[in-house]
Amino acid sequence: MTEITLCAKCGTTNIDYHGKGKCFCHECKKETDTVDKMVLSPQERVRAAVYSRNNKWAIENFEATHN
């Protein structure tokens, strides 16, 4: 399992950590106070990536192959 950092607001991994508990999300265009760290399995990591892009076809394809 891999530890990755996700945006606490939208769940994307497209963030920059600025230090002292501050990070900037490029999707939300906001700075948050804390960094949300989660330990995800490979399937959960792919699910987070698919859902963060809001691509309906990719979400349907992921759900069809993993459920």
**Study point:** Counterpart residues, salt bridge (Lys or Arg N to Asp or Glu O under 4.0 Å), relative to E63 (two or more places apart)
**Key:**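 Once residues adjacent in sequence are excluded, the partners of E63 under the salt bridge (Lys or Arg N to Asp or Glu O under 4.0 Å) criterion are R47.
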**Study point:** Any residue meeting ring pair (Phe, Tyr, Trp, His ring centres under 6.0 Å) with F24, in chain and number order, not counting sequence neighbours
**Key:**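 Per chain and number, F24 pairs via ring pair (Phe, Tyr, Trp, His ring centres under 6.0 Å) with H26.
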Check your understanding: With sequence neighbours left out, what residues match N61 under side chain to side chain contact (heavy atoms under 4.5 Å, CB included)?
Key ->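 For N61, the residues satisfying side chain to side chain contact (heavy atoms under 4.5 Å, CB included) (neighbours in sequence not counted) are W57, T65.
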Point to revise | Under 4.5 Å side-chain linkage, directly or through intermediates, the cluster mates of F62 | key: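 V46, V50, Y51, I59, listed by chain and number.
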Point to revise | Sequence neighbours excluded - salt bridge (Lys or Arg N to Asp or Glu O under 4.0 Å) pairs with any residue from residues 48-61 | key: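 Every candidate salt bridge (Lys or Arg N to Asp or Glu O under 4.0 Å) pair involving residues 48-61 fails, so no pair, neighbours aside, qualifies.
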